[in-house]
Amino acid sequence: MVAQPEQGKSNENGTTKAYLVAKFQYNHTTDTYTCPQRETLKTTGHWHKKTTDKGSYEFKRYRTPKCRECPVQHLCTSRTAGRDIDRSQYADAVAENNKRYHDNAQLYRQEINEHIFGTIKRQWGYNHTNLTGLEKVNGEHSLIMLVYNIKRSINILGVPELIAKLKKWNSPYKAKVLFLLKTMYLKSKLECVFLSNQSISLKITTC
């Protein structure tokens, strides 16, 4: 259960608040969106792939030719071709989470980020980083967050149940991690061979 982020931002040259993604109603039966002007956005059914620095996901794109004739198009989008709505493969899971979020408003204070950072900074004393550079700081910060998540899981589940769940967990990352480990191992072996050859060459030259 996590806080629901704002879907899209309004700006005077593009989408206004009345036409944010959240204002478009999705219909599971017809797999279409209905915009605030009651026009229907359809998809070809083709799955597109988007890759970011955090991974990749698939999505379908929805649009309608009525956009070009819409009298309030300037309030919805700055694109001359009209408005596009992208629906992620995880959209249903996000919707389920958002429903839990709104149905349990009393738990809000327990899951906002301020609580997490307050614990790490004030109780753990982690108020600065020991390393410099974005890549190193990201690594250090990730370790701190990993420790927090483990301690939080232990508080909720207890050690025996957490261990049991970890043993039963079918990780989707095993193949990727194994590939990375093999790659790193081969790279280290190649570097050792290269250094050995350099050392032999140096000895021959010295002699």
Side-chain angles (χ1 to χ4, degrees), residues 1-11 14-64 67 76-77 82-120 141-142 144-177:
M1 177 176 171
V2 296
Q4 178 181 358
E6 181 183 2
Q7 293 183 298
K9 296 180 179 180
S10 60
N11 61 80
T15 304
T16 57
K17 290 184 177 180
Y19 295 91
L20 293 176
V21 175
K23 303 297 182 180
F24 288 68
Q25 299 298 317
Y26 179 70
N27 188 317
H28 276 89
T29 304
T30 59
D31 190 21
T32 59
Y33 276 94
T34 302
C35 77
Q37 291 296 311
R38 310 307 301 170
E39 296 293 347
T40 302
L41 287 77
K42 299 180 180 180
T43 176
T44 62
H46 176 72
W47 286 95
H48 306 269
K49 187 174 183 179
K50 184 172 183 179
T51 302
T52 67
D53 57 348
K54 296 182 179 179
S56 63
Y57 65 91
E58 294 183 339
F59 66 92
K60 288 193 289 187
R61 182 158 288 164
Y62 300 75
R63 53 167 64 103
T64 175
C67 269
C76 184
T77 179
R83 181 69 178 271
D84 286 342
I85 298 294
D86 294 342
R87 183 175 179 82
S88 163
Q89 66 185 99
Y90 305 113
D92 290 336
V94 172
E96 291 175 8
N97 172 79
N98 292 343
K99 185 178 185 304
R100 287 193 296 271
Y101 177 76
H102 288 291
D103 291 346
N104 296 275
Q106 72 278 8
L107 300 178
Y108 175 72
R109 288 300 305 175
Q110 297 182 27
E111 44 79 24
I112 57 176
N113 285 337
E114 284 80 357
H115 170 73
I116 299 171
F117 288 111
T119 299
I120 293 173
H141 185 72
S142 296
I144 290 293
M145 290 302 161
L146 175 62
V147 172
Y148 179 89
N149 287 334
I150 292 174
K151 288 175 69 69
R152 181 69 175 150
S153 299
I154 291 174
N155 289 336
I156 296 173
L157 301 173
V159 175
E161 187 175 351
L162 177 60
I163 293 175
K165 286 183 177 293
L166 289 173
K167 287 181 178 179
K168 294 179 181 179
W169 183 46
N170 185 19
S171 171
Y173 308 109
K174 287 180 180 178
K176 185 176 181 180
V177 171

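No hydrogens, no waters, no symmetry mates; every other heavy atom, side chains included, goes into these values.
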Q. Of all residues at least two apart in sequence or in a different chain, which pass the salt bridge (charged side-chain N to carboxylate O under 4.0 Å, His left out) check with Lys23?
A.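 Partners of Lys23 by the salt bridge (charged side-chain N to carboxylate O under 4.0 Å, His left out) criterion come out as none, since no residue qualifies.
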Q | For Asp84, all residues meeting salt bridge (charged side-chain N to carboxylate O under 4.0 Å, His left out), sequence neighbours excluded | A |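 Scan of Asp84 (salt bridge (charged side-chain N to carboxylate O under 4.0 Å, His left out), adjacent residues dropped) gives Arg63, Arg79.
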**Q.** Side chain Arg83, main chain Cys76, donor-acceptor under 3.5 Å
**A.**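 A pair under 3.5 Å: yes.
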Q: Using atom types as modelled and distance alone, determine if a side-chain donor or acceptor of Asn149 lies under 3.5 Å from a backbone N or O of Met145.
A: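 The answer is yes, because a donor-acceptor pair under 3.5 Å joins these two groups.
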Q: Could you go through the side chain to side chain contact (heavy atoms under 4.5 Å, CB included) check for Glu161 and Ile156 one step at a time?
A: CA-CA 10 Å; Glu161 187 175 351; Ile156 296 173; over 6 Å; no
Under the rule for side-chain contact (heavy atoms from CB on, under 4.5 Å), what residues qualify as partners of [X], not counting sequence neighbours?
X	answer
Arg87	Tyr26, His28, Tyr33, Tyr62, Ala91, Asp92
Leu162	Ser153, Ile154, Leu157, Leu166
Tyr90	Tyr57, Ser88
Thr32	Asn27, Thr30, Thr40, Lys42

Q) Lys49 versus Trp47: any side-chain heavy-atom pair under 4.5 Å? A)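 No, too far: nothing below the 4.5 Å cut-off.
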Q) Nearest heavy-atom pair of Thr51 and Ser56: which atoms, and what distance? A)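 Minimum heavy-atom separation between Thr51 and Ser56: OG1-CB, 3.6 Å.
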Q. What closest approach, in Å, do Cys35 and Leu41 show between heavy atoms, and which atom pair accounts for it?
A.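 Nearest heavy atoms, Cys35 then Leu41: CB-CD1, 3.9 Å.
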Q: Please assess Lys60 against Asp31 for the test salt bridge (Lys or Arg N to Asp or Glu O under 4.0 Å), listing each intermediate value before the final yes or no.
A: CA-CA 10 Å; Lys60 288 193 289 187; Asp31 190 21; 2.8 Å; yes
Q. Got a sec, which residues hit side-chain hydrogen bond (donor to acceptor under 3.5 Å, both in side chains) with Gln37, two or more places apart in sequence or on another chain?
A.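 Counting only residues at least two positions away or on another chain, Gln37 forms a side-chain hydrogen bond (donor to acceptor under 3.5 Å, both in side chains) with Tyr19.
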